[in-house]
Visitor: 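I have a structure I would like to understand better, so I am pasting it below and will then ask my questions one at a time.
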Amino acid sequence: MIGKLITAKAAPWLLGAIVVLLGALALQHLVLSAAVTAAQGERDTAQAAAASLTTSRDAFELRATELATANREWGRTVETLQAELERAQRDARELDAQARAAIARAQAEARDADRTLKRFVEQFAVESKRPDCARALANLEAQCPALSGY
């Protein structure tokens with residue numbers, strides 16, 4: 001039936017159209033094949049870039065985890081140091097208060113000793129002029145010359 005529709009005059013034109021169509025299809029195949037090859041290359045490049053970015057991301061995540069851990073440890077260290085500083089400052093305040101109290105006691109004792117010495121010197125000055133005391137001091141000095149001159 002197709003043989004009756006195609007005439008001898010139309011056959012070369014039909015054959016030419018088929019050849020042109022086949023050529024166009026071959027050309028389209030070449031263009032699409034090149035596009036597929038280029039797309040595959042781009043896909044491979046994109047996959048390599050994605051793998052590289054994944055590796056970089058994993059490295060950054062690992063580093064971030066390490067830094068977070070280090071940061072937590074540093075925070076604990078700072079807390080420990082702050083607690084030690086507060087304890088040392090408290091101890092320093094207590095020692096300062098104790099030192100001030102000791103100085104105040106020593107000063108009070110020194111004033112008391114000065115009053116006692118002054119009273120003794122005044123009493124000695126008065127008593128050593130009495131005849132019995134003067135004679136006793138002269139005898140003591142004669143017996144022990146190391147006590148003279150005071």
Side-chain angles (χ1 to χ4, degrees), residues 2 12-150:
I2 292 183
W13 286 102
L14 186 57
L15 186 58
I18 290 174
V19 168
V20 168
L21 184 62
L22 284 175
L25 287 174
L27 182 62
Q28 184 181 14
H29 173 72
L30 288 176
V31 169
L32 290 176
S33 179
V36 165
T37 302
Q40 287 172 340
E42 289 175 7
R43 181 202 62 208
D44 292 345
T45 301
Q47 286 175 339
S52 174
L53 289 174
T54 299
T55 301
S56 293
R57 182 202 63 212
D58 292 346
F60 284 126
E61 286 176 352
L62 177 62
R63 184 66 178 142
T65 300
E66 291 171 349
L67 291 173
T69 300
N71 193 35
R72 278 191 303 275
E73 291 302 317
W74 177 248
R76 287 185 194 117
T77 300
V78 167
E79 288 172 4
T80 300
L81 290 174
Q82 285 176 334
E84 287 297 315
L85 174 62
E86 289 171 5
R87 185 190 57 77
Q89 288 173 335
R90 186 178 56 251
D91 290 350
R93 285 189 299 272
E94 288 174 11
L95 288 173
D96 184 55
Q98 290 172 0
R100 289 178 188 274
I103 289 170
R105 282 191 306 272
Q107 289 172 337
E109 290 172 3
R111 285 190 298 273
D112 187 45
D114 285 343
R115 280 192 301 273
T116 302
L117 178 62
K118 184 179 177 186
R119 193 172 56 243
F120 174 78
V121 168
E122 289 171 354
Q123 185 178 359
F124 182 79
V126 170
E127 295 291 327
S128 65
K129 293 179 184 173
R130 295 169 100 193
D132 290 341
C133 189
R135 224 181 1 262
L137 287 174
N139 283 338
L140 182 62
E141 201 172 305
Q143 295 297 321
C144 187
L147 294 175
S148 63
Y150 292 104

Visitor: Ignoring hydrogens and geometry beyond distance, is a side-chain donor-acceptor pair present between Arg72 and Thr69 at under 3.5 Å?
Guide: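 Yes, because at least one side-chain N or O of Arg72 sits under 3.5 Å from a partner of the opposite role on Thr69.
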
Visitor: For the CZ atom on Arg100, are there more than 12 heavy atoms of other groups (residues, nucleotides or ligands in this structure) within a distance under 6.0 Å?
Guide: no

Visitor: Quick one: do Asp114 and Arg111 make a salt bridge, cutoff under 4.0 Å?
Guide: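 So Asp114 does not pair with Arg111 through a salt bridge.
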
Visitor: From Asp96 CG over to Glu94 CD, what is the distance, rounded to the nearest 0.5 angstrom?
Guide: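 So the CG of Asp96 and the CD of Glu94 are separated by 11.0 Å.
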
Visitor: Kindly write out the residues that satisfy side chain to side chain donor-acceptor pair (under 3.5 Å) with Arg105, not counting sequence neighbours, or none if the list is empty.
Guide: none

Visitor: Is a side-chain N or O of Thr55 found less than 3.5 angstrom from the main chain of Ala51, in a donor-acceptor match?
Guide: yes

Visitor: Not counting sequence neighbours, which residues clear side-chain contact (heavy atoms from CB on, under 4.5 Å) with Leu140? List them please.
Guide: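 For Leu140 the side-chain contact (heavy atoms from CB on, under 4.5 Å) partners, ignoring immediate neighbours, are Leu147.
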
Visitor: Could you please spell out the steps behind the salt bridge (charged side-chain N to carboxylate O under 4.0 Å, His left out) verdict for Arg63 and Glu66?
Guide: CA-CA 5 Å; Arg63 184 66 178 142; Glu66 291 171 349; 3.4 Å; yes

Visitor: Rounded to the nearest 0.5 Å, what's the gap from OG1 on Thr37 to CG on Leu32? Could you check?
Guide: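 The OG1 atom of Thr37 sits 10.5 Å away from the CG atom of Leu32.
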
Visitor: Run the side chain to side chain contact (heavy atoms under 4.5 Å, CB included) check on Thr116 and Arg119 step by step: do they pass?
Guide: CA-CA 5 Å; Thr116 302; Arg119 193 172 56 243; 3.9 Å; yes

Visitor: Using a 4.5 Å cut-off on heavy atoms from C-beta on, say whether the side chain of Val121 contacts that of Lys118.
Guide: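 With C-beta onward as the side chain, the pair stays apart.
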
Visitor: Would you say that more than 12 heavy atoms from the other residues, nucleotides or ligands in this model lie under 6.0 Å from the CD of Gln40, or not?
Guide: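 Atom CD in Gln40 is packed in, count exceeds 12.
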
Visitor: So, taking the atom named CG in Leu30 and the one named CG in Leu25, what distance separates them when rounded to the nearest 0.5 Å?
Guide: 11.0 Å

Visitor: To the closest 0.5 Å, what do you measure between CZ (Arg90) and CG (Leu85)?
Guide: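 Going from the CZ atom of Arg90 to the CG atom of Leu85 covers 10.5 Å.
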
Visitor: To the nearest 0.5 Å, tell me how far Leu27 CG sits from Leu22 CG.
Guide: 12.5 Å

Visitor: How far apart are the closest heavy atoms of Ala134 and Ser128, and which atoms are they?
Guide: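 Smallest interatomic distance, heavy atoms only, reads CB-O, 3.3 Å.
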
Visitor: Out of curiosity, Glu86 CD to Leu81 CG, how far, rounded to the nearest 0.5 Å?
Guide: 11.0 Å

Visitor: Are Glu84 and Arg87 ion-paired here, with the side-chain N under 4.0 Å from a carboxylate O?
Guide: yes

